[in-house]
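Encoded as structure tokens, the structure appears first; notes follow it.
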Amino acid sequence: MAGLLSWWSRVALVSLCSSALVSCFVAEPRSAKPLELDRECFPSLINITIDELTAGLESGKFTSVDLVNAYIERILEVNDTLNVVTELNPDALSIAEALDEERAAGAARGALHGIPILIKNNIATNDAMNNTAGSWSLVGSEVPEDSTLANKLREAGAIILGKANLSQWANYRSSNSSNGWSAYGGQVYAAYHEDQDPSGSSSGSGVAASLGLALAALGTETSGSILSPSNRNDVVGIKPTVGLTSRYLVIPISEHQDTVGPMARTVKDAAYVLQVLAGYDEHDNYTSAIPNDGVIPDYVAACDPDALNGARIGVPTNVIEYYTSGFTAMMTEVDAFYADLDVFRDAGAEIVLDANYTAWDQYTNSSNTTIVLQADFITNIAEYLAELTVNPNDITNLEELRAWTQAEPLEDYPDRNTAVWDGALEAGFGNTDPRFWEAYQANQFLGGEGGVLGALERNSLDAIILPTSFSPGNPAVVGAPGINVPLGFYPPDANVTMNSRGNLVATGPNVPFGISFLGRRFSEETLIGLAYAYEQLTFHRDDVQPYIEPTVELACACGH
Ligand SMILES: *[C@@H]1O[C@H](CO)[C@@H](O)[C@H](O)[C@H]1NC(C)=O
Ligand SMILES: *[C@@H]1O[C@H](CO)[C@@H](O)[C@H](O)[C@H]1NC(C)=O
Ligand SMILES: *[C@@H]1O[C@H](CO)[C@@H](O)[C@H](O)[C@H]1NC(C)=O
Ligand SMILES: *[C@@H]1O[C@H](CO)[C@@H](O)[C@H](O)[C@H]1NC(C)=O
Ligand SMILES: *[C@@H]1O[C@H](CO)[C@@H](O)[C@H](O)[C@H]1NC(C)=O
Ligand SMILES: *[C@@H]1O[C@H](CO)[C@@H](O)[C@H](O)[C@H]1NC(C)=O
Ligand SMILES: *[C@@H]1O[C@H](CO)[C@@H](O)[C@H](O)[C@H]1NC(C)=O
Ligand SMILES: *[C@@H]1O[C@H](CO)[C@@H](O)[C@H](O)[C@H]1NC(C)=O
Ligand SMILES: *[C@@H]1O[C@H](CO)[C@@H](O)[C@H](O)[C@H]1NC(C)=O
Ligand SMILES: CC(=O)N[C@H]1CO[C@H](CO)[C@@H](O)[C@@H]1O
């Protein structure tokens, strides 16, 4: 770990701990409100919610400075083992101080005021932190301003605590790397089994949200990169519709599929964060597709415990059959999924079985999904590089990036190859080429009428549900949203399966998995309601505990 940073935060924490434990870190109340929560027991940071943190901040039980210090200590406690956070924001404490003063002056900005959040290391900030997608090629690069989403977080009063490690280039480089590995950040591990595959590519974001290394984290998804790590890290992840959240100054794969969303421990907390992220941005014209004149629904109010009552929810049986016929490895997840259908029915929902994706076979055979990403990446990575104000290695396009990466020993080539880029360069065209548009149109059918959108329409459904291990790919090609909610975990006698590189435990005892709620484009309000109601009835996140947990807590936590 970075020696200077860890020394600095330890000194800060020691000085805070000298105040009396009984009243948390602060001796005096910071707000005019009475300390009515004083005798209540605060949950651990691994379980705490935004509402609880805000109550504690408002009542003066602790400050945002206390929170930043506690979270940094927690990050450093587990980072050597799990390698979750690439770098801490050296300005986090001074930002927290300023936000504490604003709150004390009665000027709290909203639900995220003073709440620490980590962001994936492909979302740029115009501050001391690097934005690298995990590649040494971009260390020291600078952007003209904050990404729109980093700016929105700051405006809402959130504290950007640091950058979460990720699968390098959001898993768009190599065919034989591992989830959660980046040259710049090392290998992320998940917390539910030793050497657990964290999934990806928002790997560090998933582990951080699960262990309470921040209240929540931002991830990005092109095809599965929020839903899949949420699946394996026992957290809620919202993959928004492409166009709901700006991608300006986010290192891209594909303008047609990339999206940025929250990963948190509860649906409501993810909804709070999405509320701040969503909205029109003149720098990303996909956001002009937001319906209702760009007015964003109240996602927090959508958290209705009765939302399942009267809902029609479909199960694409043929998708599940595709992944399980002849294989037994995934049956634990499928059995848990089918067992919970009664939770939906008991809550008043109608389950429509066989809401099949009619072009599924064609979809699974199609190379059009690959072509779209290849062409988009060629175009979009060059666009991102052109936006840099400092470009330390003068890399301007994919060809140069590949040459640099193959020549740089830190990038671990050829042991981690560049096969994905090789394929794109071999195809050799960007996203204004007619061959791109042909492939793109094919995708609109494969994920549309022949896929998830068609299944929703034909069966008049509010949502489709699937085990998350099978859910992300088809909605990805049409930019449709999804939410992962924890569903269960592998039992103690489960066999260990390894990832394809053979260095990480993919499934095995105690490894979590989730259920996905999929819907029409811009149907987040509906999906949040359904996911929240299911979560309130099941609380499956609590069924499984990590094998490794940070121990630093706010002093007013239970038992402290
Ligand atoms: C986390 O651990 C990795 C690997 O040991 C290290 O490179 C990185 O600097 C650490 N991050 C922090 C914030 O200490
Ligand atoms: C950004 O990267 C440079 C080069 O490795 C490093 O000196 C600097 O500390 C990094 N910034 C942070 C905030 O870690
Ligand atoms: C909006 O997107 C289209 C399609 O990529 C692009 O051609 C156009 O230049 C964009 N407009 C702006 C203002 O960015
Ligand atoms: C849906 O798929 C399942 C599994 O492949 C199949 O048994 C069923 O007949 C299909 N139903 C419809 C309506 O297509
Ligand atoms: C998909 O590929 C499989 C195996 O190559 C083949 O048997 C099947 O007919 C193909 N399906 C379609 C719809 O092209
Ligand atoms: C890709 O889309 C084109 C155009 O619709 C179609 O002709 C072709 O069969 C598709 N390729 C695959 C492999 O699905
Ligand atoms: C990854 O693939 C490259 C060839 O593309 C090969 O040289 C390398 O040995 C492979 N690494 C592993 C761990 O299999
Ligand atoms: C583990 O694998 C063995 C051998 O393949 C199999 O017989 C056994 O049923 C598996 N156990 C579980 C719990 O799936
Ligand atoms: C977090 O909550 C779960 C479920 O209630 C509980 O089992 C666990 O002990 C809690 N963790 C801590 C550190 O309090
Ligand atoms: C920025 C940083 O500290 N990067 C380090 C991340 O971890 C790997 C190894 O796990 C180191 O090689 C990097 O220097």
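Just so it is clear, the structure is predicted and the values come from calculations on it, not from any experiment. Counting convention: from 1, in listed order, for ligands and their atoms alike.
- Residues W169 and Y172 keep their aromatic ring centres 6.0 Å or farther apart.
- Distances shorter than 4.0 angstrom do not occur between any heavy atom of A439 and any atom of ligand 6.
- With ligand atoms numbered from 1 in the order given, ligand 1 contributes 14 (O) to contacts under 4.0 Å with heavy atoms of L76.
- Here salt bridge (Lys or Arg N to Asp or Glu O under 4.0 Å) pairs that include residues 493-510, with residues two or more places apart or in two chains, are D415-R501.
- For ligand 6, the atoms lying closer than 4.0 Å to a non-hydrogen atom of E438 are 3 (C), 4 (C).
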*Please lay out, stage by stage, how E408 and R416 fare under the test salt bridge (charged side-chain N to carboxylate O under 4.0 Å, His left out).*
CA-CA 12 Å; E408 170 52 60; R416 312 213 183 216; over 6 Å; no
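- Ligand 6 has a nitrogen or oxygen under 3.5 angstrom from a nitrogen or oxygen of S366.
- For a threshold of 3.5 Å applied to N or O pairs, the pair formed by N368 and ligand 6 contains at least one separation below that value.
- Two rings, from F429 and F436, have their centers 6.0 Å or more apart.
- Residue-environment remark: CD (Q406) exceeds the threshold of 12 foreign heavy atoms within 6.0 Å.
- Per-residue contacts place L88 under 4.0 angstrom from the following atoms of ligand 1 (heavy atoms of the residue considered): 13 (C).
- Any N or O atom pair closer than 3.5 Å counts here, and N79 shares at least one such pair with ligand 1.
- Using the six-membered ring where Trp is involved, F377 and W421 have ring planes that are parallel, under 30° apart on the 30 and 60° scheme.
- Close approach to A442 involves these atoms of ligand 6, each under 4.0 Å from a residue heavy atom: 1 (C), 2 (O), 5 (O).
- In this structure F489 satisfies the ring pair (Phe, Tyr, Trp, His ring centres under 6.0 Å) test with no other residue, sequence neighbours excluded.
- Not less than 6.0 angstrom separates the ring centroid of H193 from the ring centroid of Y547.
- In the vicinity of S367, heavy-atom distances shorter than 4.0 Å reach the ligand 6 atoms 12 (C), 13 (C).
- Protein residues having at least one heavy atom under 4.0 Å from any atom of ligand 8 are D493, N495, listed by chain and number.
- In terms of the side chain to side chain contact (heavy atoms under 4.5 Å, CB included) criterion, residue partners of Y189 (sequence neighbours excluded) are, by chain and number, L82, Q187, D195, L504.
- Note: Y490 and F513 meet the aromatic proximity criterion, with ring centroids under 6.0 Å apart.
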